[in-house]
Amino acid sequence: MARDSKTARLVRTSGALLSCLLLSATAACTAGSTAAGSRPEGPGDSLAIGVTAEPANLDFTKTDGAAIPQALLYNIYENLVKLDQHGRIRPALARSWELSKDRRTYTFHLTKDATFSNGAPFTAKDAKFSIERVVPKWTVALKAQMSVVDHVRAVSRDELRVTLKRPSNDWLYRMTTRTGAMFSRTGVDKLATRPVGTGPYELKKWNRGDSLTLARRPGYWGPAPHFDTVTLKYFKDPTAMNNALLTGTIDMIGAMQSPDSLYRFENNPKYRVIEGSTNGEVMLSLNNGSGPMRSKKARQAVQYAIDHKALVDTCWGGRGKLIGSMVPPTDPWYQDLTGLYPYDRDKARRLLKESGQAGHTLRLRIPTLPYATACGTVVKSQLEQAGFKVELSQLEFPAAWLSTVFKNADYDMTIMSHVEPRDMAAVFGDKNYYTRYDSPGFRDLLAKADVGSQEEQLTAMRAAARTLSKDAAADWLFLLPNLMVADADITGLPVNSVTESLDLTGLGRSGSSHPSSRS
């Protein structure tokens, strides 16, 4: 059976995943390790990648944050469907699928060859187990994305049928994320330390606080990846990461955390520099539920007080796109909303005075992450020039920030990059989320977008994004660029980062032989 060509387009969607808290969130991201150490050794061709956020554990069913799926999704864990580099839904463990006329039932036709790293075969029963396990067993907020599922049936070994409670434009898209990861029925006992998946890699070694090494898995059902081993090496200090690449300790930087240092690699034939787009909205999050930021006029004053271009030039080397909303340009409902609150210091002063909050001190509590610490002082300075009183403090990330800001909402403002795809609903659709935004009208628009036609979805999502921006629910400082730097012989580097996975399967090295299609 061939896949309905309209399916992927029909179900690409709205809503959102729990943002970084997203690169951030719950103990999942920690700002990693120390300095450059010795280069990892592998049995054959190996790759070492410098990254920032280290997982606290390896179980994303119980721990939020981008660091775990960054390392494991598509590499150790696979999904029925996945996103390609253009954000399109493609087959993975499901060879094809169809959607019923009432848009409620998906029928997936699964590969017959996949096995888990524990030796068990992958079947429709494992897919059923994985989907049905999310709501009752997962403890993270993302599990709500699977609540639209009514029932799941393993029709045969290789055919799965999923029936939804209602049509949902969002559900199949979420199946490309960690929520749609496939687990072994006999391999979920030690997810925090021993992940079991069908992917091309398996966990080889985890040196906590330093690095995590994946090894190419013998017997993988699909095309084998190029590298025998891939080591993710964690750095707290961007300068140390840069030096590690310059000295050959690592082969590439997964996400440049010091854009003003790119000059060290640009126009140098030894290196390849990639600059594209991401889903990472760097947000000046405002506490809509308590304190001075409950006032819409005070929030609007914040928006007018920020000179976004000057901020990006100062704290991120001018690399980053101004968007004015929670939607990146790679999403179909993107619209440039930067004109809603143009920089106007006098207007900011007037609104602050009218809000009655001028005498209050705003607690700007930021995580110890490079972009937050770099931009925090700029935000403080610009707000103070508009008459605000600002107290800036840094909270150790993840533990202190997650406890104080994310869990207890004990803050007025913070800075966080929400890196997960289509996360508008996750960050603002729940009034109990750390942003404490409560708008029934906004939630109604999200609901309309999920059940409507493609045209209705597009209209409703654009209206939802505009509602957020007009309400000044937050201030979107800029969109993080995808800045990758690698040795010149590394191939397959993605221009845009459209998923939460650091997908290693397409990376290679020019001039090296590629392993056979099956190990």
Side-chain angles (χ1 to χ4, degrees), residues 14-29 60-66 69 134-135 138-148 170 174 177-179 279-294 296 299 302 325-327 363-367 369 372 395 397-447 449-450 461 464-465 467-477 500:
S14 79
L17 258 206
L18 193 64
S19 106
C20 159
L21 259 50
L22 305 168
L23 178 45
S24 64
T26 73
C29 284
F60 54 62
T61 75
K62 296 187 182 333
T63 307
D64 273 313
V134 174
V135 172
W138 289 38
T139 60
V140 296
L142 290 178
K143 69 179 186 177
Q145 295 169 359
M146 205 63 78
S147 62
V148 72
D170 194 52
R174 297 305 160 194
T177 70
R178 71 184 86 168
T179 315
N279 296 310
E281 305 97 348
V282 179
M283 194 167 84
L284 178 62
S285 304
L286 307 176
N287 188 339
N288 287 254
S290 64
M293 292 295 99
R294 283 181 301 176
K296 181 176 179 178
R299 299 195 305 270
V302 168
S325 76
M326 196 65 183
V327 184
R363 298 166 301 158
L364 175 57
R365 295 182 162 178
I366 62 174
L369 293 170
L395 300 178
F397 186 85
W401 187 90
L402 289 168
S403 175
T404 302
V405 175
F406 182 60
K407 181 179 179 181
N408 297 319
D410 185 12
Y411 78 108
D412 298 313
M413 301 184 297
T414 190
I415 297 176
M416 179 52 59
S417 172
H418 292 264
V419 302
E420 293 172 356
R422 300 186 182 181
D423 48 8
M424 184 163 61
V427 181
F428 295 101
D430 180 356
K431 65 181 180 181
N432 296 315
Y433 198 67
Y434 88 104
T435 52
R436 297 296 197 266
Y437 180 69
D438 184 7
S439 171
F442 173 75
R443 293 192 290 271
D444 287 345
L445 287 168
L446 294 178
D450 197 29
M461 288 301 289
T467 295
L468 270 185
S469 295
K470 290 182 72 174
D471 280 353
D475 185 57
W476 293 272
L477 300 178
E500 52 188 343

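When a residue number appears, it is its place in the shown sequence, counting from 1.
For the pair L477/E281, no side-chain contact is recorded, criterion being any heavy-atom separation below 4.5 Å from C-beta on. Side-chain contact between L468 and W476 is present, with heavy atoms from C-beta onward closer than 4.5 Å. A heavy-atom distance below 4.5 Å is found between the side chains of Y434 and M416.
Of the inter-residue distances, the one linking E500 atom CD with F60 atom CZ reads 8.0 Å to the nearest 0.5 angstrom. Taking OH of Y411 as the start and CE of M293 as the end, the distance is 10.5 Å to the nearest 0.5 Å. For the atom pair S403 OG and D410 CG, the distance stands at 9.0 Å (nearest 0.5 Å). For the atom pair CG (N288) and CZ (R294), the distance works out to 11.0 Å, reported to the nearest 0.5 Å. In this structure, CG on D475 lies 7.0 Å from CG on L286, to the nearest 0.5 angstrom. Atom NZ of K431 sits about 12.0 Å away from atom OG of S439, to the nearest 0.5 Å.
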Before you tell me yes or no, could you show the steps for M461 and L445 under side-chain contact (heavy atoms from CB on, under 4.5 Å), namely the whole-Å CA-CA distance, both residues' side-chain angles and the distance that decides it to 0.1 Å? CA-CA 7 Å; M461 288 301 289; L445 287 168; over 6 Å; no
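Of the possible polar contacts, one joining the N287 side chain to the A409 backbone as a donor-acceptor pair under 3.5 Å is found. Panel note: side chain S469, backbone A465; a donor-acceptor pair is recorded below 3.5 Å.
Across every non-hydrogen atom of L395 and V405, the tightest pair is CD1-CG2, 3.9 Å. Annotation for I415 and P367: closest pair O-CD, 3.2 Å, computed over non-hydrogen atoms. Residue A474 comes nearest to M283 through the heavy atom pair CB-CG, 3.6 Å, listed as atom of the first residue, atom of the second, then distance. Minimum heavy-atom separation, D450 to D170: OD1-N, 2.9 Å. Here the closest heavy-atom approach between residue A472 and residue R299 is recorded as O-NE, 3.0 Å. Of all the heavy atoms in P421 and T177, the pair that sits closest is CG-CG2, 4.5 Å.
Between F442 and Y437, the ring planes lie perpendicular to each other; the angle is over 60°, past the 30° to 60° tilted range.
Of the charged side-chain nitrogens involved, none lies within less than 4.0 Å of a carboxylate oxygen, so that D412 and R365 do not count as a salt-bridged pair.
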